[in-house]
Trainee: 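First the structure, which I've put down as C-alpha cells, then a few questions once you've had a look.
Naming: A, B, ... by sequence-line order, numbering from 1 per chain.
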Amino acid sequence: MREIANSTWNIWSKAGFEVSMNDIYESLEEPPLEKFGDIALPTFRFSKKFKVNYKELISKTLRELDLRRLRVISRVNVIGGYINFFINEECAAKELFQTISNIGYDYGLKTAEKPLRIVVEHTSANPVHPLHIGHGRNAILGDVLSRILTKRGHRVIRRFYINDMGRQVAILAYGCLTLGSVQPTGKPDHFYGIIYSATNAVMEIDRLKKELEEARKKGDYIEVEKVNSELLDWLNVLAELKSKNNKLVMTLIGRLKGKDHEKEIQNIMRTYEKRLDENIVKTVRRICADVIEGFRETLGKMGVEFDFWDWESDLVWEGIVDEVLAKAKKSPYFTIYKGASALDFSALQKISEVREKLKLPKSFEIPPLILRRSDGTTLYTTRDIAYSIVKFKKADKVINVIMSEQKLAQAQLRLALLALGYRREAYNLIHYSYEIVNLPGVKMSGRKGRFVDLDSLIEEAISRAYFEVSKRNPNMAEEWKERIARIVGLGAVRYALVSVSASKPLTFIWDNVLNFEKNSGPYIQYTYARAINILKNYGKKVNFDLETLDYNVLRKPIIRRLLILLIKFPNTFTKAADELKPECLVEYAGKLADTFNSFYTAEPVVKEE
RNA sequence: GGGCCCGUAGCUUAGCCUGGAUAGAGCGCCAGCCUCCGGAGCUGGAGGUCCCGGGUUCAAAUCCCGGCGGGCCCGCCA
C-alpha cells in the first residue's frame, strides 16, 4: 500500500501538484466489491485540490503508472472517480512470507516512528463496593488500549487511581467505625459494599424522614408523595441488604441510630485529609486496601493488571496538592468565588484556540472551579490537577479512560491545567470517554447497591460457556471442559466489552455474548484453534522457502482473498493504535476468521502440503 | 435554560471525524452442504423511509440548521 501511495505521489508531484505522500496514503480505501480491486484511490478530493478534471487526473496518472510498470500492481481498474488497484499476488505473498519468517508473531505490529511514553489511567473505581459491568467496560478498554499501544512500540504505564479521599469512602469508613472492629468475611469488596450501601441507606432514610415531616407541615402533598416513594425505595434497599447479611446490617442500623451523620462524615473527611488522628487514617487506609485487594482479584480474573496503584491521599500528604494551590494563587486566573479559592475561566475559555485545542464544548460557559472548601479541605478536581501533573512527570501523553458523564469535569481539568501554566499537560491529556453498559431489564445504582457485579458476571459467563462446551463435546474430560469454559467465557466477555465503539452505549445480551457462532469471542478462538491444529497435524516446521513455492495456488479466489486480507493487517493495526480504536481490530479479526474458515473448508492444507 | 452523546434490517452493530461506486457484518428467518486438517464450520436467499424536515453540493448515512426520541452533565459531590 505504501508503494502505491508512493508512486502516485511521485507522479503527482512531478506533474507539479502539491500533495503529501501521507495524504494519498490515508485516502486509500477498501473497494465495496472484491471484483473492483484490492485497494481503491478516490480521486475527487485531489482533482478538486489540483483544480483539474478528475478524468484528466486519472488518465494522466494511468499513463505514468503504465510507464513505470510497478511490480506490486498487477492490474488497474478505473470506475467512476476511483482508481482500483489489483495487487500482484506473487509479490504480496513473497513479502508476506518473508516478513513472517523473519518476525513471526510480531507480523503487522508496526512500531511507531516516534515512540512515546504514554500513561493509561483506567478503571479507578471508588473503593466502596464491588466492580460492576460498567467498570468492566472501562477496564477492558483501558487494558486493550494499553496492549495495543505497547505493541505499537510506546512505553505504556497503566495506573489505577485510588480515590480514598472522597465522600463515598468517608461514608463507608463511617459505617465501619460505627460498627467498631469488623473483620471482613468473604470477598472484601463485596463485604464492604454491604456496609457502604447500608450506611448510605440509613443516612438517606433519616434525611428523607425529616423532609417528609417538613413537607407534611407545609401541607405540600405532592412533595409528600414524592418523598414517600423515595423513602420506600431506600427502605427496600435496606431490606435487600439484610437478606445478604442480616446480622451485620441490623447491628449497623442500631448503632447509627440518633447520630448526626453529616457531621460525622465531614469530621472523617477532615481528619483523614489533615491526618489529625493516625488511628482513623490507618482504618480508612486498611478498608480501602482491602477493597482494592478484591478489585485486584476480579481484574486479575479478567486478565487486567496495573503498573501503579496511586493513592489520592498521598498526593495531599506529600504536599503536591499544596503546591498546586500555591501555584493557583499566583495565577492570573485566581479568584475568590462565593468566599472560596477558585479559578476563573471566563477569560481563558473565550480564546478560540484554547477551546479548540482543549476540545471544549462549542459554546458553554464553564463556571469557576472551586479549589478548596471553606474548612480548608480540598476538592476532587483540585486533587485531580495534582494527579495529572504527577502522571505527566514521566509521560508525553496521558489517556484517562473515564465514563462520558465526566466530560465536563475533564474539560474543566484541562482548562485548569492550562490556567496554571501546564500547557504541555493540558494539550496532551486525552479523555477517552465511553458510554454506559445496558443490561436489558436491569436498573443499576451504585449507591443503592443494585448492580450486576463483575464477579458474578464472570461466573455466569464461565458457566454458560461450560454448558455450551459440554453440549458440543460430551465425551471430553471434565478437567478440559472446565479449562476451556474459563478461557471461552472470559474471552467472550472481553470481546463483547471491546467490540462496540466506546462512544456508543453497549447492550450486553448473553445470547449474543456467548453465541458460539460468528461475531463473538468464542468464534475467533475456535478459528484460532483450527488454524493451530493445522500446524500441529502438519508436524513439521513450515517451509518459507520462497523459491520452491507454487505461486499458482495464489490465483485461487479464496486463497487470494486470504492473502490480500493478511497484507492489510499492518494498516488495520496502525489505525487501531493511532486512532485509539480497538474495535477496528475486533472487526478485522472477525473478517479474518470468516475468510480463514471459508479457506479451511475449501482447501485441505495438510494433504496438499 | 444551556451543553454533550446516541438514533443504520425484527435484534446486536460497522461505516460518520476526512461527503463519492450497488450502506458492510453477525444473530434470528428460509433453502442447501458431513467419504475430507475441529460442523463452535461452509454455500446461497429474503430482509433497509440510514429517526424526521430543511439547507450546502455535480454528489449527503456522512457536513450545516431546525425538530423528535433515548441517555448524560451543568455542586464548597466524586
Trainee: Can you tell me the Watson-Crick or wobble partner of B:G1, both distances under 3.5 angstrom?
Mentor: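 Matched B:G1 with B:C74 under the 3.5 Å cut-off.
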
Trainee: On RNA chain B, compare the nucleotides closest to A:Phe44 and A:Lys48; which residue's is nearer the 5' end?
Mentor: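 Nearest nucleotide further toward 5': that of A:Phe44.
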
Trainee: Exactly one of A:His431, A:Arg159, A:Lys391 should register a side chain to side chain donor-acceptor pair (under 3.5 Å) with A:Asn400. Which one does?
Mentor: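 Exactly one option meets the side chain to side chain donor-acceptor pair (under 3.5 Å) with A:Asn400, and it is A:Lys391.
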
Trainee: Expressed as a whole number of Å, how far does the P atom of B:C16 sit from that of B:G7?
Mentor: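 Between the two P atoms, the distance is 12 Å.
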
Trainee: NA contact type, A:Tyr337, heavy-atom cut-off 4.0 Å: base, sugar-phosphate, or nothing?
Mentor: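 Counting heavy atoms under 4.0 Å across all strands, no contact is made by A:Tyr337.
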
Trainee: Taking only the P atom of each, what is the distance from B:C17 to B:U62 in whole angstrom?
Mentor: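 Each nucleotide's P atom is 9 Å from the other's.
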
Trainee: Rounded to the Å, how far apart are A:Lys407 NZ and B:G2 P?
Mentor: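 Atom NZ in A:Lys407 sits about 19 Å away from atom P in B:G2.
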
Trainee: Hey, does A:Ala602 reach any base, or is it just sugar-phosphate, or nothing, if we go heavy atoms under 4.0 Å?
Mentor: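 Since no nucleic acid heavy atom lies under 4.0 Å of A:Ala602, the category is nothing.
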
Trainee: Give me the distance, rounded to whole Å, that separates B:A31 from B:G20 when you measure between the C1' atoms they each carry.
Mentor: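 About 37 Å, rounded to a whole number of Å.
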
Trainee: Quantified in whole Å, what is the C1' atom distance between nucleotide B:G54 and nucleotide B:U18?
Mentor: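 Rounded to whole Å, the distance is 25 Å.
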
Trainee: Mind checking who B:G44 pairs with, Watson-Crick or G-U wobble, both distances under 3.5 Å?
Mentor: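 Its partner is B:C30 (Watson-Crick or G-U wobble, both distances under 3.5 Å).
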
Trainee: Is there a donor on the side chain of A:Asp594 or the base of B:A25 sitting less than 3.5 Å from an acceptor on the other?
Mentor: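 No pair found.
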
Trainee: Rounded off to whole Å, could you give me the CD-to-C1' distance for the A:Glu468 and B:C27 pair?
Mentor: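 From A:Glu468 CD to B:C27 C1': 14 Å.
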
Trainee: Roughly how many Å apart are B:G10 and B:G1, using the P atom of each and rounding to a whole number?
Mentor: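 34 Å, rounded to whole Å.
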
Trainee: Expressed in whole Å, how much space separates the C1' atoms belonging to B:A21 and B:C30?
Mentor: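 Roughly 31 Å separates the two C1' atoms.
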
Trainee: Tell me whether the NZ or CZ atom of A:Arg447 lies within the 45° cone about the ring axis of A:Trp234 and under 6.0 Å from its centre.
Mentor: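 Judged by the rule (NZ or CZ under 6.0 Å from the ring centre, within 45° of its axis), A:Arg447 is not positioned above A:Trp234.
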
Trainee: Rounding to a whole Å, what distance do you find between A:Glu29:CD and B:G20:P?
Mentor: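 Atom CD in A:Glu29 sits about 7 Å away from atom P in B:G20.
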
Trainee: Please give, in whole Å, the distance from B:G41 P to A:Ile534 CD1?
Mentor: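 In whole Å, B:G41 P lies 16 Å from A:Ile534 CD1.
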
Trainee: With salt bridge (Lys or Arg N to Asp or Glu O under 4.0 Å) as the test, would you mind laying out the steps for A:Lys504 and A:Glu435 before giving the verdict?
Mentor: CA-CA 6 Å; A:Lys504 299 200 183 190; A:Glu435 278 292 334; over 6 Å; no

Trainee: Any luck finding a side-chain donor-acceptor pair between A:Asn200 and A:Tyr196 under 3.5 Å?
Mentor: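 Side-chain D/A pair, A:Asn200 to A:Tyr196: present.
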
Trainee: Is there a donor and acceptor pair, one atom on the side chain of A:Asn533 and one on the base of B:G38, closer than 3.5 Å?
Mentor: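 Counting by modelled atom types and ignoring angles, a donor-acceptor contact under 3.5 Å is found here.
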
Trainee: Ignoring hydrogens and angles, tell me if any N or O in the side chain of A:Arg414 forms a donor-acceptor pair with the backbone of A:Leu358 under 3.5 Å.
Mentor: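 Yes, the answer is positive, given that a donor and an acceptor are paired below the 3.5 Å cut-off.
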
Trainee: Expressed as a whole number of angstroms, how long is the span from A:Leu592:CG to B:G24:P?
Mentor: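 Result: 21 Å.
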
Trainee: Whole Å only: how far is the CD1 atom of A:Ile436 from the P atom of B:C73?
Mentor: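 Between P of B:C73 and CD1 of A:Ile436: 10 Å.
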
Trainee: Calculate the interatomic distance between A:His431 atom NE2 and B:C5 atom P; express it in whole Å.
Mentor: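 Atom NE2 in A:His431 sits about 13 Å away from atom P in B:C5.
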
Trainee: Sticking with atom C1', work out how far B:C5 lies from B:C51, rounded to a whole angstrom.
Mentor: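 Those two atoms are separated by 16 Å.
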
Trainee: Taking only the side-chain nitrogens and oxygens of A:Asn438, find out if one of them lies under 4.0 Å from OP1 or OP2 of B:U12.
Mentor: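 Checking B:U12 against A:Asn438, no side-chain N or O comes under 4.0 Å of OP1 or OP2.
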
Trainee: Give me the residues of residues 504-519 of chain A where at least one heavy atom lies under 4.0 Å from an atom of RNA chain B, by number, or none.
Mentor: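 A:Lys504, A:Pro505, A:Leu506, A:Thr507, A:Ile509, A:Asn512, A:Asn515, A:Phe516, A:Glu517, A:Lys518, A:Asn519, in order of number.
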
Trainee: Using the P atom as the point on both nucleotides, what is the distance between B:G47 and B:A25, in whole Å?
Mentor: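 B:A25 and B:G47 have their P atoms separated by 15 Å.
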
Trainee: In the strands shown, is B:C50 matched to any nucleotide by a Watson-Crick or G-U wobble pair with both distances under 3.5 Å, and which?
Mentor: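 None - no nucleotide pairs with B:C50, as no candidate has both distances under 3.5 Å.
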
Trainee: Between B:C4 atom P and A:Lys359 atom NZ, what is the distance in whole Å?
Mentor: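 Atom-to-atom, A:Lys359 to B:C4, this comes out as 16 Å.
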
Trainee: Please confirm whether any donor atom in the side chain of A:Ser374 sits under 3.5 Å from an acceptor in the base of B:C76, or the reverse.
Mentor: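 Between B:C76 and A:Ser374, which were checked side chain against base, a qualifying N/O pair under 3.5 Å is present.
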
Trainee: Would you indicate what A:Tyr82 reaches in the nucleic acid, counting non-hydrogen atoms under 4.0 angstrom: base, sugar-phosphate, or nothing?
Mentor: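 Touches a base.
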
Trainee: Tell me whether the side-chain N/O atoms of A:Tyr526 come closer than 4.0 Å to OP1 or OP2 in B:G38.
Mentor: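 For A:Tyr526, the contact criterion (side-chain N or O under 4.0 Å from OP1 or OP2 of B:G38) is not met.
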
Trainee: Assess whether a salt bridge exists between A:Lys556 and A:Glu603, defined as any Lys/Arg side-chain N lying under 4.0 Å from an Asp/Glu carboxylate O.
Mentor: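 Looking at A:Lys556 and A:Glu603, the cut-off is met.
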
Trainee: Want to settle it: does A:Pro31 or A:Gln168 sit nearer the 5' end of RNA chain B, counting the closest nucleotide to each?
Mentor: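 Here A:Pro31 is the residue nearer the 5' end.
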
Trainee: Taking 4.0 angstrom as the limit, do A:Glu468 and A:Arg472 come out as a salt bridge?
Mentor: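 Yes.
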
Trainee: When both hydrogen-bonding distances must be under 3.5 Å and the geometry is Watson-Crick or G-U wobble, what is B:C17 paired with, if anything?
Mentor: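 None - no nucleotide pairs with B:C17, as no candidate has both distances under 3.5 Å.
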
Trainee: Applying salt bridge (Lys or Arg N to Asp or Glu O under 4.0 Å) to A:Arg464 and A:Glu460, what does each step give before you reach the verdict?
Mentor: CA-CA 6 Å; A:Arg464 278 174 185 261; A:Glu460 181 158 1; 2.9 Å; yes

